[in-house]
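Notes for the one structure printed next.
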Amino acid sequence: MTKKMNVLVIGSGAREHALAWALSRSAVVETVHAAPGNPGMKDVAVIHPVQDTDLRSLLPIINRENIRMAVIGPEAPLTAGLADDLRAAGILAFGPGREGALLEGSKSHAKKFMDRHGIPTARWDLCTTAEEARSALDSRHAPFVVKADGLAAGKGVVVTQSREEALDAARGMLERGRHGEAGKKIVIEDGLAGDELTILALTDGTTYRLLSPSQDHKRAFDGDKGPNTGGMGAYSPVPWLGSELLEKICSRVLSPTVEGLKKDGIPYCGVIYAGLMIDGKGEPSVIEYNVRFGDPEAQVVLPVLEGDFAELLLACCESRLSEIKWKDPSRWAVDVVIASGGYPGHFEKGKKIEGLEKASELEDFVIFHGGTERSDDGCLVTSGGRVLSAVGLGNSLTDALKKAYEGVSLISFDGMHFRRDIGRKALL
Ligand code: AMP
Ligand code: GLY
């Protein structure tokens, strides 16, 4: 039996709330700490509202609270090398170091990696001038896909039917400084068609284990209409994903990714997030890698996980994931994201949130906070675009869906909006 440990979750969104929640249910965790955390986490974690998430800001907390393992939620501290810094300071860190995080931090790096290791992905060109972008677009047909090479808070990808719009997006990045440094180089690639799927794998750099497959809903409005968002909801597992396709995803994507990292000499402890497109013939291609849990995918994948989450992460940190027994999930989860009016465009903050207490009494329902804060008079108010993740659980997708929307119906704030069709595609 592992000695009980204190753990630290780094980040402040609904994904990090879900991480803290899952860790708090572990038999090997004494106390969960979160930095900077959010007000919704207070039932599962001790909150440390730090300004920055670099080693200097975190070390006092780590020392004072005797933290054994840190779990890094967002991509920015990972690409900044926080996991390397923590490990150098003798703390177990779940998350890849700077080099591994480049799979998300640079699209061209990820593309070269996939080409080098024979992992299927859209044909691509690297462009640094508008002239190169024009010629890359001329050699393709719609839909046109333009991507800032670096991190752009999920806003660096443009997919459009219009060549003019694609060229304008490319010029915006290359010539007008849109996305700053991140847009100084861009990737132009072939448009892929099919169904999108998220596969999250935990790895210690040698073996990997798949978490329950999930599907995000990127567009703001029902029927996949409207602008792209950070994700308006998700469900897990995915009923149309059979064992044959899953095996193909492992043999063509996940195994060569883990082996490729090894061949390249890059140690990797953390999540490999494969954003996949499955074409009409059932062939997978990688749209993108992320080096962390997805948001909102974590909010559905963690509640259906069988087994002890902290034990799993610890096994990754200690390079002994192969010892861990694995069970497929038996339950379903649906996350409906409740967003501020106007999101992903301009939205107002400070709207008073009602009904959370009532909702928390529901069985098989859990709320993760993404954009909330306490106002001066102690009320819980909105402070971000994606305010809450309302997660329903059940023994079928239908039950989980009903539960999620039952919970949503109890919650209200001025201007709130959410999609009413999360998971509906999967029922057809
Ligand atoms: P990302 O911000 O990298 O997650 O990309 C945002 C979204 O753009 C993806 O979830 C896809 O829906 C879409 N996308 C990215 N690359 C392609 C592609 N090559 N073909 C079609 N859609 C794409
Ligand atoms: N759900 C998409 C992401 O986490 O990047």
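What you see is a predicted model; the values in this text were computed from it and never measured. Count residues from 1 along the sequence. Atoms within each ligand, like the ligands themselves, are counted from 1 in listed order.
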Under 3.5 Å side-chain donor-acceptor pair for T128 and E132: yes
Nearest protein heavy atom with distance in Å, relative to atom 13 (C) of ligand 1: V159 CG2, 3.8 Å
Contacting atoms of ligand 1, where contact means under 4.0 angstrom from a heavy atom of K218: 4 (O), 10 (O)
Exceeds 12 heavy-atom contacts within 6.0 angstrom, atom CZ of R176: yes
Nearest non-hydrogen protein atom, atom 19 (N) of ligand 1: E189 OE2, 2.6 Å
Protein heavy atom at shortest distance from atom 9 (C) of ligand 1: E196 OE1, 3.7 Å
Salt-bridge contact E189-R123 (side-chain N to carboxylate O under 4.0 Å): no
Salt-bridge criterion met for R140 and D190 (N-O under 4.0 Å): yes
Ligand-residue contact atoms, ligand 1 with V145, heavy atoms, under 4.0 Å: 16 (N), 17 (C), 18 (C), 19 (N), 20 (N)
Residue-ligand contact K155/ligand 1, heavy atom below 4.0 Å: no
Heavy atoms of other groups near E283 CD, more than 12 under 6.0 Å: yes
Check: D149/S108 side-chain N/O donor and acceptor closer than 3.5 Å: yes
D216: numbered ligand 2 atoms lying under 4.0 Å from its heavy atoms: 1 (N), 2 (C)
Salt bridge present between D279 and K281 (N-O < 4.0 angstrom): no
K218: numbered ligand 2 atoms lying under 4.0 Å from its heavy atoms: 2 (C)
Check: W21 ring centroid to F368 ring centroid under 6.0 Å: yes
Carboxylate-amine/guanidinium proximity below 4.0 Å for R424 and D222: no
K107, portion touching ligand 1 at heavy-atom distance under 4.0 Å: side chain
For atom 3 (O) of ligand 1, the protein heavy atom that lies nearest, with its residue and separation: E288 OE1, 2.9 Å
Shortest protein contact, atom 2 (O) of ligand 1 (heavy atom only): V157 CG2, 3.5 Å
Identity and distance of the protein heavy atom lying nearest atom 16 (N) of ligand 1: K147 NZ, 3.0 Å
Sub-4.0 Å heavy-atom contact, D190 with ligand 1: yes
Flag, side chain of H217 to backbone of G423, donor-acceptor distance under 3.5 Å: yes
Min N/O separation L192 to ligand 1 under 3.5 Å: yes
Per-residue contact class, Y273 against ligand 2 - non-hydrogen pairs under 4.0 Å: side chain
Structural part of T198 in contact with ligand 2, heavy atom criterion under 4.0 angstrom: neither
Protein heavy atom at shortest distance from atom 15 (C) of ligand 1: I287 CG2, 3.3 Å
Under-4.0 Å heavy-atom contact with ligand 2, by part of E297 that carries it: side chain
Residue G294 vicinity, atoms of ligand 2 by number, heavy atom under 4.0 Å: 4 (O)
Residues S26 and D308: side-chain donor-acceptor under 3.5 angstrom: yes
N or O contact, D295 vs ligand 2, cut-off under 3.5 Å: yes
Polar side chain donor-acceptor pair, E104 to Y273, under 3.5 angstrom: no
Least distance between heavy atoms, G407 atom then L362 atom: CA-CD1, 3.6 Å
R292 heavy atom under 4.0 Å from ligand 2: yes
Heavy atom of G191, distance to ligand 1 below 4.0 Å: yes
